[in-house]
Amino acid sequence: MKRSTRKARSFRRGQASRSLRHANRPRRDFRTKQIMTIRTRFAPSPTGYLHIGGVRTALFNWLLTRRHQGTYVLRIEDTDTERNKPEALQPILDGFRWLGIPWDEGPEVDGPYAPYFQSQRFATYKEAAMRMLASGHAYTDYLTKDQLDSERKAAEVAKKPYIHRGPHRATPADECVRLYAANPTALRLKVPEGRSVVIDDVIRGRVEVQTDTIGDPVILRPDGRPLYNFAAVIDDVAMKITHVIRAAEHLSNTPVQVLVYEALGLPMPTFAHVPVVNEPNSKKKLSKRDMKKFVTADVRAKLRMVGYTDEQIESRDDLNPATVAFYRELGYLPTAIVNYLARLGWSLDDKAEKISMADLIANFSLERVSSAPASFDPDKLYWLAGEYMKELPLEEKVAGCVPFLQRAGLLGASPTPAEIEKLTKIVTAAGDRLKLFSDILTYGRPFLVAKIDYDPKGVEKRLKKAGAADHLRAFAEVLKTAEPFDVPTLDKSLHEYCAAKAIKSGELVHPVRVATTGVEVGVGLFDALAILGRDTVLARIEDALRLA
RNA sequence: GGCCCUGUCGUCUAGAGGCCUAGGACACGGCCCUUUCAAGGCCGCGACACGGGUUCGAAUCCCGUCAGGGUCACCA
């Protein structure tokens, strides 16, 4: 078993290098049975938020179709009507649009294989299930939930694996059809005995599973709603999906699906199971459940800074670092998120980290997707966010900051040209310090409030220091006549003052910074003074002297 | 527990029998620059899970062990 897997893997890698070498002729060289256009799909269930791991899977699907001029489908798997809420779809759609991962077919855009909601396709599943019932590939099962549970428990007590086989397995097909017509019930797939199912996975190689280890799964509920393993197959075929690219957690479902393809005599797609995304510094899957545990004190502080109350953080389940919404709320650039996610478990070569969307599209291949799980690294995402922010045009940076300032009450609903001009100066002065749009709240605050708060630590360290007050008073006199009140002049004035008094520039720079901005950390001092303007600077120094 | 998957620096990865004294990136530490913080420059720390084979030669191929993970629903 292990042997065949490893062989398949090295075989796969051999293929990868070949297709890399002939990257200019992908269509011809692409190693699949399909010659026709590639069609992939991402099939979320409406949960109310976009999970970071799901986005990566979707991205891989999307990237493959962009590279090969294929079609990317978004299909909504909402068959579990008890759990899914219709309004829970919008955040997912919004999220993908914001990230720049549009879908060619699916909700709101439709397409030739509509509808793209499984809840609207029940007739199709029913029809297919009836065919399986008639051909003897499925059978009726009247066992109740309680009976099933006790079977399961009995197997557990006996320490035997629970492999369900219903009482009607051996019932002739026409009898099952009659039974169902008279009394509709759950339908199960009749898993063949004593053979194996082989999955030829692009990422994992050859995977072989014995059918005797697979219980007969329900494919249709008594009320006609299909189960995932069944509906997915029917839809993938109906929507002509050529490549099923999904999370590795679905690998163990695949044998069941393969049996459904076989039972219905349907063509099989190429499978690619991408490894799961793990929690930061962990070997555990970044789970959809208990995401609340990622809301650490640090995370909470950031959310509060951008304007969320504790109640909101508590009640909304998308405000945590496992969702896309979280990064959007904090002002991460979507391009950085896409780049980061693409590199998580996939690589272009031995060097590339920052890869543009165009390069991603030009070079993405399933062959270079790692087969081992990858841990999500918030630090690296943060770094990339900064890298992308550096190259964002100034006007776009300013525009990105505006909503954050408005929410914090530092800017009105419709900013005046003068306000935008000032903000542009602040953003310019902030330079590379601005990595996230929300960083403007830190760097911009001293310039946007009428009255600053003085950081007690800064006051203690810089203003109460011996000599600081005297220098501050004397330098304020210099500032009164500095003309023009701009960066070069201020720079020159301060250094001349320090030279004249024979003090190091730091002895004056630090007190002036704390006096005029209230804090020890911020944009360059002369930039700060110039933005504030002479009157404000003098007034704040005067205020500060009362604390010194 | 059964089945399946996976093991290269803390993390993401390069690596396809000799280009490996194992490369890059994030993080971390130090120094430089400097007006604080960023940014930038330089330097450093740091990994082939283990044990057997095969081979002149193994991170790479084979076997085993160990470890981690995924999954075992009338969820998806």
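Naming: A, B, ... by sequence-line order, numbering from 1 per chain. Hydrogens, waters and symmetry mates play no part in the numbers below; they use all other heavy atoms, side chains included.
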Would you indicate what Lys435(A) reaches in the nucleic acid, counting non-hydrogen atoms under 4.0 angstrom: base, sugar-phosphate, or nothing? sugar-phosphate
Can you measure Arg513(A) atom CZ to rA38(B) atom P for me and round it to whole angstrom units? 12 Å
Any side-chain donor-acceptor pair under 3.5 Å between Ser347(A) and Arg368(A)? yes
Please determine, for the side chain of Ser371(A), which listed nucleotide (rG7(B), rG70(B), rC37(B)) has the closest atom? rG7(B)
Between Ser347(A) and rA14(B), is there a side-chain N or O to OP1/OP2 distance below 4.0 Å? yes
Identify which nucleotide among rC37(B), rC5(B), rA76(B) has an atom closest to any side-chain atom of Thr79(A), counting heavy atoms from C-beta outward. rA76(B)
Side-chain N,O (Lys159(A)) to OP1/OP2 (rG1(B)) below 4.0 Å: no
Give one of base, sugar-phosphate or nothing for Leu148(A), where a contact means two heavy atoms less than 4.0 Å apart. base
Taking any heavy-atom pair under 4.0 Å as a contact, classify Phe526(A): base, sugar-phosphate, or nothing. base
OP1 or OP2 of rC5(B) versus the side-chain N and O atoms of Arg206(A): is any pair under 4.0 Å? no
With sugar-phosphate meaning primed atoms plus P, OP1 and OP2, does Leu143(A) contact a base, only sugar-phosphate, or nothing at under 4.0 Å between heavy atoms? base
Touch class at under 4.0 angstrom, heavy-atom based, for Gly386(A) against every strand present: nothing
Counting heavy atoms from C-beta on, name the nucleotide in rU36(B), rC74(B), rG69(B) closest to the side chain of Leu227(A). rC74(B)
Electrostatic pair Asp439(A):Arg433(A) at N-O distance under 4.0 angstrom: no
Listed pairs under 3.5 Å, donor-acceptor, residues 497-505 of chain A side chains, sequence neighbours left out:
| unit_1 | atom_1 | unit_2 | atom_2 | d |
| --- | --- | --- | --- | --- |
| Tyr497(A) | OH | His471(A) | ND1 | 2.9 |

Tell me what Val512(A) touches on the nucleic acid: a base, only sugar-phosphate, or nothing, going by heavy atoms under 4.0 Å. nothing
Determine whether a donor-acceptor pair (one donor, one acceptor, N or O, separation below 3.5 Å) exists between the side chain of Arg433(A) and the base of rU36(B). yes
Between C1' of rC12(B) and CZ of Arg368(A), the distance in whole Å: 13 Å
Per the under-4.0 Å heavy-atom filter, residues of residues 149-157 of chain A near RNA chain B come out as Arg152(A)
Which part of the nucleic acid does Asn278(A) contact within heavy-atom distance under 4.0 Å: base, sugar-phosphate only, or nothing? nothing
Compare the minimum distances between each of rU11(B), rG70(B), rA76(B) and the side chain of Ser45(A), then state the nucleotide with the smallest one. rA76(B)
So what does Pro44(A) touch, heavy atoms closer than 4.0 Å: a base, only the sugar-phosphate, or nothing? nothing
The complete set of ring-ring contact (aromatic ring centres under 6.0 Å, His included) pairs with one or both residues in residues 502-531 of chain A, sequence neighbours excluded, reads none
Considering every strand and a 4.0 Å limit on heavy-atom distances, what is the contact class for Leu251(A): base, sugar-phosphate, or nothing? sugar-phosphate
Using Watson-Crick or G-U wobble geometry with both distances under 3.5 Å, which nucleotide pairs with rG40(B)? rC32(B)
Which of these nucleotides, rC74(B), rA27(B), rA39(B), is closest to any side-chain atom of Asp432(A)? rA39(B)
Report yes if at least one side-chain N or O of Lys145(A) is closer than 4.0 Å to OP1 or OP2 of rA73(B); otherwise report no. no
Which nucleotide, if any, forms a Watson-Crick or G-U wobble pair with rC26(B), using both distances under 3.5 Å? rG10(B)
Just to confirm, is there a sub-4.0 Å distance from OP1 or OP2 of rU11(B) to any side-chain nitrogen or oxygen of Lys283(A)? yes
How many Å lie between CG on Leu434(A) and P on rA38(B), as a whole number? 15 Å
For a quick check, tell me whether the side chain of Asn229(A) and the base of rA76(B) share a donor-acceptor pair closer than 3.5 Å. no
Hey, is the side chain of Ser375(A) poking within less than 4.0 Å of OP1 or OP2 on rC12(B), counting only N and O atoms? yes
Any side-chain N or O of Arg343(A) below 4.0 angstrom from OP1/OP2 of rA25(B)? no
Among rG15(B), rA76(B), rC74(B), which nucleotide sits nearest the side chain of Tyr228(A)? rA76(B)
Give the rounded distance in Å between these two atoms: CD1 of Ile503(A) and P of rU35(B). 13 Å
Separation of Glu367(A) atom CD from rU13(B) atom P, in whole Å? 17 Å
For Glu249(A), answer base if it contacts any base atom (sugar-phosphate contacts may also be present), sugar-phosphate if it contacts only those atoms, and nothing otherwise; contact means non-hydrogen atoms under 4.0 Å. sugar-phosphate
Between rG24(B), rU35(B), rG70(B), which nucleotide gets closest to the side-chain atoms of Glu353(A)? rG24(B)
The criterion is salt bridge (charged side-chain N to carboxylate O under 4.0 Å, His left out); which residues satisfy it with Glu496(A), sequence neighbours excluded? Lys492(A)
Shortest side-chain distance from Val209(A), nucleotide among rC4(B), rG24(B), rC12(B): rC4(B)
Can you see if the side chain of Lys284(A) gets near the phosphate of rG70(B) - specifically, an N or O under 4.0 Å from OP1 or OP2? no
Any side-chain N or O of Lys390(A) less than 4.0 Å from the OP1 or OP2 oxygen of rG40(B)? yes
Checking rA76(B), rA25(B), rU6(B) against the side chain of His250(A) (C-beta onward), the nearest is rA76(B)
Just jot down the ring-ring contact (aromatic ring centres under 6.0 Å, His included) partners of His250(A), sequence neighbours excluded, or say none. Tyr228(A)
Answer with yes or no after comparing the ring centroid distance for Phe60(A) and Phe42(A) against a 6.0 Å cut-off, counting only values under it. no
Angle class for the His273(A)/Phe271(A) ring planes (parallel below 30°, perpendicular above 60°, tilted otherwise)? parallel
Scan side-chain atoms only and decide if Asp377(A) and Tyr340(A) contain a donor-acceptor pair under the 3.5 Å cut-off. no
Indicate whether any N or O donor in one side chain lies under 3.5 Å from an N or O acceptor in the other, for Glu156(A) and Tyr162(A). no
Output all residues satisfying side chain to side chain donor-acceptor pair (under 3.5 Å) with Lys380(A), sequence neighbours left out; order by chain, then residue number. Glu353(A)
Which part of the nucleic acid, if any, lies within contact of Gly506(A), taking any heavy atom under 4.0 Å across all strands shown: a base, the sugar-phosphate backbone alone, or nothing? nothing
Closest nucleotide among rU13(B), rU35(B), rG24(B) to the Lys351(A) side chain: rG24(B)
